[in-house]
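A quick write-up on the structure given underneath.
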Amino acid sequence: MTVRTRFAPSPTGYLHIGGVRTALFNWLFARQHGGQFILRIDDTDVARNVDEALEPILSGLKWLGIDWDEGPGVGGPHAPYFQSQRADRHRAAAERLLAAGHAYRDFARPEELDEERKAAQAAGRPFLYSRRFAAFDPETVRRFEAEGRASVVRLKMPREGALVIDDAVRGRVEFAWEREQDHVIQRADGSCLYHLASVVDDHDLAITHVIRAEEHLSNTPRQAFIAQSLGYSLPAYAHLPLVAEPGSRTKLSKRKLAQYLKNNDFKQVMDHGLKIAERMGVKAEADTFNPVIVDFYREVGYLPWAIDNYLTLLGWSYDDKTEFFSRDELIQHFTLERINSSPASFDPKKLWAVQDHYMAALSTNEKLALMLPFLVKAGLVADPPAADAVETVRRVIEASGDRLKVAGDILAYADSFLVAEPPLDAAAVQQRLAKPGVKDLLAAFGKAIETVEPFEPAGLEAALKGVVEQAGVKVGDLVHAVRVAVTGKTVGPGLYDCLAILGRDRSLARIAHALPLCG
């Protein structure tokens, strides 16, 4: 048997972290078994579909390296891969279920169903539709239609016995049929609902394993009933643990960002991202610039494999100590048996640590390729970048070392070197330049570096220490003042690296520009 898995997002919003984890597990399982991973777009809910949401889903998966063997943009022998384009197949399946007696046309009005629900509630028993307005034959259909009633198609669920499945994550799971409602599978307008459409499409696409979030576990009885009633073989099921809120067992939700920001780790990640967005001139929209949505991490400059690696560990582990895997290692080791059934808490601090690990392992050239697009977007370098600008950025990256945690961090470190005259932070001027005696110190340092040769960190450091010793002050009194004078900031790469990157003429010009502001 060739393993075939699928990820079937609805284009009703941006790609959620939990959805990415589901896609990733399906992709890993298919790759581990040499099978196929299929992308299907479940767009039957026309009222909720958002056309603009499809592109971020597709591009987000591609950015993460989750490629698909069949689906939008790729095609394949089981096309079409948009559920809305398969409506004829869904309607035909509904007719088959009606003809076989596994479904019926129901002419109940909403108020009549509500009356039955209230009666069940008053009696203290679960609501189970009486099928009072069910039509199993043409004559009854005509009679109800003559009364002006519209109909939906409902499943005629069993009222005795149980469905038993062997879930690859949860083991044996049993569902009593008597608790299952006669679910609607086709609306009055003839359109079919998700549960019927999904079963038919999974069969037509030859899906062998349905690997999905545990919230879909309760859908399994009706979907299994539909499949068996249509004569389909059931796929293997694996219901994944929830991706939960930080320190909680509640599902992570993009709509609860304000609540999550009370968690300091979440707030730090968000604030860091907002600063990067501000430097790029990007308006941080709540729908997309949200640490629960994958686009946030792409916009900030996380590494896609850091996201993949971390999300794989939400509910899965290889052993009790290994945290970092290459792509090939994850494919080799991934199995459904190693998935834990308990909710997996999303920890933005842990993701940050994984990102830091992979960023630190990159070469300067790899970082340069990641970071230049951020500088282009911010308007700090041209598109394409000039050779001298590229060399400047390269030197900033080397001088910044492990201070650069995400690609967007380059905006805060390289900007001072890519403009003619950086603005001087007012608070920094007051703190570091306006103090008495700084003007003479800074002027003396400017004079000292006029003859430093070569204009490199070692000689610049010796020159500064010479000025400090002669003036009888602390090294910090001059270091901080020079940094603000030449970069406009209090933080950045090492001071002597900053001076070397700027060069003699620009360093002296900036010192001269800052002298009138000194005390």
Side-chain angles (χ1 to χ4, degrees), residues 4 6-12 38-51 54 70-72 75-110 113 129 131 133-158 180-207 210 212 216 218-235:
R4 288 174 61 84
R6 51 82 166 168
F7 178 54
S10 299
T12 56
I38 293 87
L39 178 64
R40 185 181 75 223
I41 306 301
D42 283 2
D43 56 348
T44 53
D45 192 348
V46 177
R48 295 181 62 226
N49 288 341
V50 180
D51 290 340
L54 178 58
E70 298 176 29
H78 300 84
Y81 296 95
F82 286 84
Q83 203 167 63
S84 60
Q85 297 172 13
R86 307 177 65 86
D88 289 347
R89 289 282 299 151
H90 308 150
R91 285 191 288 267
E95 291 299 326
R96 284 179 58 193
L97 292 170
L98 284 167
H102 298 302
Y104 60 89
R105 296 195 181 278
D106 179 43
F107 288 85
R109 294 185 172 116
L113 288 172
Y129 178 42
R131 299 174 181 164
F133 297 97
F136 295 97
D137 60 86
E139 182 179 343
T140 308
V141 170
R142 286 191 293 271
R143 176 166 60 83
F144 281 138
E145 287 179 342
E147 295 177 11
R149 293 174 176 269
S151 68
V152 297
V153 176
R154 289 184 183 274
L155 294 173
K156 187 183 179 184
M157 299 294 288
E180 290 297 317
Q181 301 295 327
D182 286 358
H183 304 284
V184 175
I185 57 171
Q186 189 173 31
R187 302 179 183 91
D189 64 4
S191 61
C192 294
L193 275 73
Y194 162 78
H195 296 291
L196 174 65
S198 183
V199 171
V200 172
D201 292 347
D202 282 348
H203 171 75
D204 288 354
L205 270 60
I207 301 303
V210 172
R212 58 189 181 182
H216 293 287
S218 61
N219 300 331
T220 305
R222 76 193 79 168
Q223 293 175 351
F225 176 74
I226 292 170
Q228 291 173 332
S229 298
L230 290 170
Y232 301 163
S233 297
L234 292 183

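Just so it is clear, the values below take in all heavy atoms, side chains as well, and ignore hydrogens, waters and symmetry mates.
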Indicate whether the side chain of [X] and that of [Y] have a donor and an acceptor atom separated by less than 3.5 Å.
| X | Y | value |
| --- | --- | --- |
| Tyr194 | Asn219 | no |
| Tyr232 | Asp202 | no |
| Asp201 | His78 | no |

If you define the side chain from C-beta out and look only at heavy atoms, does anything of [X] sit under 4.5 Å from [Y]?
| X | Y | result |
| --- | --- | --- |
| Ser151 | Asp106 | no |
| Gln181 | Met157 | no |
| Arg109 | Phe133 | no |
| Leu205 | Arg40 | yes |
| Val153 | Leu97 | no |
| Leu155 | Arg222 | yes |

Under the criterion side-chain contact (heavy atoms from CB on, under 4.5 Å), I'd like the reasoning laid out for Gln83 against Ser10: C-alpha separation, chi angles, the key distance, then a yes or no.
CA-CA 10 Å; Gln83 203 167 63; Ser10 299; over 6 Å; no

Could you tell me which non-hydrogen atom of [X] sits nearest to which non-hydrogen atom of [Y], and how far apart they are?
| X | Y | value |
| --- | --- | --- |
| Ala108 | Arg149 | CA-NH1, 4.1 Å |
| Leu196 | Ala94 | CD2-CB, 4.0 Å |
| Ser198 | Arg6 | OG-NH2, 3.6 Å |
| Ile41 | Pro11 | CG2-CD, 3.7 Å |
| Ala134 | Tyr129 | N-OH, 4.1 Å |
| His90 | Ala197 | CE1-CB, 3.5 Å |

Between Phe144 and Arg105, does the side-chain contact (heavy atoms from CB on, under 4.5 Å) criterion hold? Intermediate values first, please.
CA-CA 10 Å; Phe144 281 138; Arg105 296 195 181 278; over 6 Å; no

Could you go step by step and tell me if Val210 and Thr220 meet the side-chain contact (heavy atoms from CB on, under 4.5 Å) rule?
CA-CA 10 Å; Val210 172; Thr220 305; over 6 Å; no

Under 6.0 Å from the CD atom of Glu147, do we count more than 12 heavy atoms belonging to anything else shown?
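Check passes, neighbour count above 12.
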
Flag if over 12 foreign heavy atoms under 6.0 Å of CZ, Arg89
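Check fails, neighbour count at 12 or below.
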
Examine Arg131 relative to Tyr104 and say whether NZ or CZ is less than 6.0 Å from the centre of the six-membered ring and inside a 45° cone about the ring axis.
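Output no; distance or angle outside limits.
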
Please name the residue in the list Gln228, His195, His216, His183 that meets the side chain to side chain contact (heavy atoms under 4.5 Å, CB included) test with Gln223.
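In the set Gln228, His195, His216, His183, the residue that makes a side chain to side chain contact (heavy atoms under 4.5 Å, CB included) with Gln223 is His195.
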
Reported [atom1]-to-[atom2] distance for the pair [X] and [Y], which is rounded to 0.5 angstrom:
| X | Y | atom1 | atom2 | result |
| --- | --- | --- | --- | --- |
| Asp88 | Cys192 | CG | SG | 10.0 Å |
| Leu98 | Arg154 | CG | CZ | 13.0 Å |
| Asp42 | Tyr81 | CG | OH | 14.0 Å |
| Ile185 | Phe225 | CD1 | CZ | 9.0 Å |
| Asp137 | Arg142 | CG | CZ | 8.0 Å |

Test side-chain contact (heavy atoms from CB on, under 4.5 Å) on Ile38 and Arg4; report intermediate values, then the result.
CA-CA 7 Å; Ile38 293 87; Arg4 288 174 61 84; 3.6 Å; yes

